[in-house]
2 protein chains.
Amino acid sequence: MRESHAVEARPYHHGDLRRALVDAARRILEAEGPTALSLRAVAREAGVSPAAPYHHFKDKAELLDAVASEGWQMLDAAMAKAKAQAETRNKLNALGIAYVCFARDNPALYRVMYDAARDKEALPEDMQDSEDSAYCKVRNTMVELGADPTATIDLELATTAAWCAAHGLAEMAGFKQFDHLKEELGGETAFLQAVFAHLGLFLHVRHD
Amino acid sequence: MRESHAVEARPYHHGDLRRALVDAARRILEAEGPTALSLRAVAREAGVSPAAPYHHFKDKAELLDAVASEGWQMLDAAMAKAKAQAETRNKLNALGIAYVCFARDNPALYRVMYDAARDKEALPEDMQDSEDSAYCKVRNTMVELGADPTATIDLELATTAAWCAAHGLAEMAGFKQFDHLKEELGGETAFLQAVFAHLGLFLHVRHD
DNA sequence: ATCGATATCTGGACGACGTAAAGATATCTT
DNA sequence: AAGATATCTTTACGTCGTCCAGATATCGAT
């Protein structure tokens with residue numbers, strides 16, 4: 001009767017309500033935006049009472065943490081794919097573009113990711129540790145392109161700078177102010193490439 | 001009986017309740033953060049009924065617009081001061097640092113500014129037009145430093161890139177992840193300078 | 001100065017929200 | 001089979017954004 005999704009072990013009444021709630025949240029986020037994302041709406045969408053989520057999440061914030069966590073995984077995957085498909089000297093390019101495109105294609109999710117981080121005053125912990133994180137992919141790529149892997153501080157600074165640039169651009173790219181620049185440059189990707197170039201990253205963008 | 005602030009023309013009952021509401025909002029924002037900033041709390045702080053603000057603002061969003069607008073003016077002023085005090089070849093430096101420091105010192109206000117912009121999908125309109133805006137100060141400074149003023153597209157791209165870099169850094173600087181970098185570099189300003197350098201802006205930071 | 005029009009503020013109400021407590025119900029352990 | 005435990009529902013409380021009907025003060029024209 002309920003939608004089935006992945007029919008994983010359903011140990012209790014509903015059968016992995018936790019999963020269903022996160023999915024419901026993502027569905028609402030995509031369909032109606034962040035302002036419509038209330039705990040009650042998520043419960044409604046999942047077909048349970050307003051108090052049910054509290055057996056799986058301490059808070060609304062904890063639900064959003066779970067959503068954000070999936071967002072980071074998606075970002076990691078998108079950047080892994082982009083890196084794999086690019087030639088060595090274009091890998092940094094590919095990573096930056098993949099980052100900004102992810103933010104453009106999932107604006108609400110991207111917002112939830114950083115909102116959750118701001119509340120804890122920290123990006124996801126494993127971002128600097130786990131080797132398959134987007135952050136580490138950027139750092140590793142810099143080494144592959146010739147950065148000195150023993151100059152750890154400098155390497156981290158460079159990675160942080162690239163991250164700042166990508167995040168700043170991701171946040172700005174949506175504003176109307178830059179519409180005329182996008183037009184004059186012949187598209188959004190050209191705009192992104194041009195800004196990246198001025199940021200000193202000299203990324204080359206594939207037009208799609 | 002009511003607090004007096006600027007005793008400007010008080011044409012009606014309260015005497016410029018609009019001003020009082022914006023001030024109250026900024027006070028709450030500074031003292032208790034963005035989550036405590038409800039319309040009712042603002043009205044309470046200003047000593048009026050919960051419905052009173054609706055005679056001066058269509059919305060809660062419209063009140064926040066007014067707060068954000070003051071934030072942009074403050075940013076403009078801070079950057080004007082920084083530019084005036086710096087030597088010519090350091091002016092871009094000074095602007096970038098002033099931007100990030102403003103965000104660091106007024107985090108809640110900075111957030112309101114960009115939240116309001118995101119809702120309208122546009123930064124304040126006069127940002128690209130009025131000559132005393134922070135954005136135009138960056139662009140003009142680039143010309144003073146040798147950028148070709150007739151290459152308008154390139155000039156705008158460079159300005160946009162600098163803006164993205166500053167915004168990205170402003171958003172990242174608050175995260176705990178970078179604490180160890182700040183320590184190892186001997187302070188937050190040194191960290192900011194280092195990241196700016198990697199961003200290709202090569203700004204020199206004064207330590208304060 | 002008077003009086004109607006108008007702008008400002010209050011009080012009360014509505015629905016939606018986050019969340020807590022208590023009761024019902026299904027699963028797990030033994 | 002039965003008690004313990006986890007899950008879900010119902011009900012409830014306080015807060016929020018917003019609207020509406022009245023009260024009150026200012027303004028404009030006479």
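The sequence lines fix the lettering, A, B, ..., with proteins before strands; numbering per chain opens at 1.
Computed from coordinates, the B/L21 CG to C/dC9 C1' distance equals 12 Å when rounded to whole Å. Nucleotide C/dT19 holds its P atom 8 Å from the NZ atom of A/K60, rounded to whole Å. Here D/dC8 presents its C1' atom at 15 Å from CG of A/D16, a figure rounded to the nearest Å. Atom CG in A/L64 sits about 14 Å away from atom P in C/dC17, given to the nearest Å. Taking atom CG of residue A/L17 and atom P of nucleotide C/dA26, one finds them 16 Å apart after rounding to whole Å. Summarising the geometry, the separation between OH on B/Y54 and P on D/dC16 is reported as 12 Å, rounded to the nearest angstrom. Computed from coordinates, the A/K58 NZ to C/dT19 P distance equals 8 Å when rounded to whole Å. Between the P atom of C/dT10 and the CZ atom of B/R44 lies a distance of 14 Å, rounded to the nearest Å.
At the phosphate of C/dC9, OP1 or OP2 sits under 4.0 Å from a side-chain N or O atom of B/H56. Neither OP1 nor OP2 of D/dC8 sits under 4.0 Å from any side-chain N or O of A/R18. Phosphate proximity of C/dT10 to B/H55: absent, as no side-chain N or O sits under 4.0 Å from OP1 or OP2. Distances shown here put a side-chain N or O of B/S38 below 4.0 Å from the OP1 or OP2 atom of D/dC16.
Within a 6.0 Å radius of CD in A/E30, no more than 12 heavy atoms belonging to other residues, nucleotides or ligands are found.
Residues B/E62 and B/H56 bring no donor and acceptor atom of their side chains to less than 3.5 Å of each other.
No side-chain donor-acceptor contact under 3.5 Å links B/N90 to the backbone of B/A86. No donor-acceptor pair closer than 3.5 Å links the side chain of B/E121 to the backbone N or O of A/F175.
For B/A51, whose side chain is taken as the heavy atoms from C-beta onward, the closest listed nucleotide among D/dA12, C/dT10, D/dT18 is C/dT10. Here C/dA13 is the nucleotide among D/dT10, C/dA13, C/dG18 with the atom lying nearest to any side-chain atom of B/R40. Comparing atom distances between the B/L39 side chain and each of C/dT8, D/dT10, D/dG17 picks out D/dG17 as nearest. The side chain of B/A52 lies closest to C/dC9, out of C/dT19, D/dC8, C/dC9. Comparing atom distances between the B/V48 side chain and each of C/dT19, D/dG17, C/dT10 picks out C/dT10 as nearest.
Under the 4.0 Å criterion applied to side-chain N and carboxylate O atoms, A/D23 and A/R19 are assigned as salt-bridge partners. Electrostatic pairing of B/R118 and B/D115 counts as a salt bridge here, judged by a charged N lying under 4.0 Å from a carboxylate O.
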Pairs counted only when both distances fall under 3.5 Å, Watson-Crick or G-U: show me the 5' to 3' dot-bracket for DNA chain D, [ ] for pseudoknotted crossings and | for other-strand partners. ||||||||||||||||||||||||||||||

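In this structure, the ring of B/H167 has its center less than 6.0 angstrom from the ring center of B/Y114.
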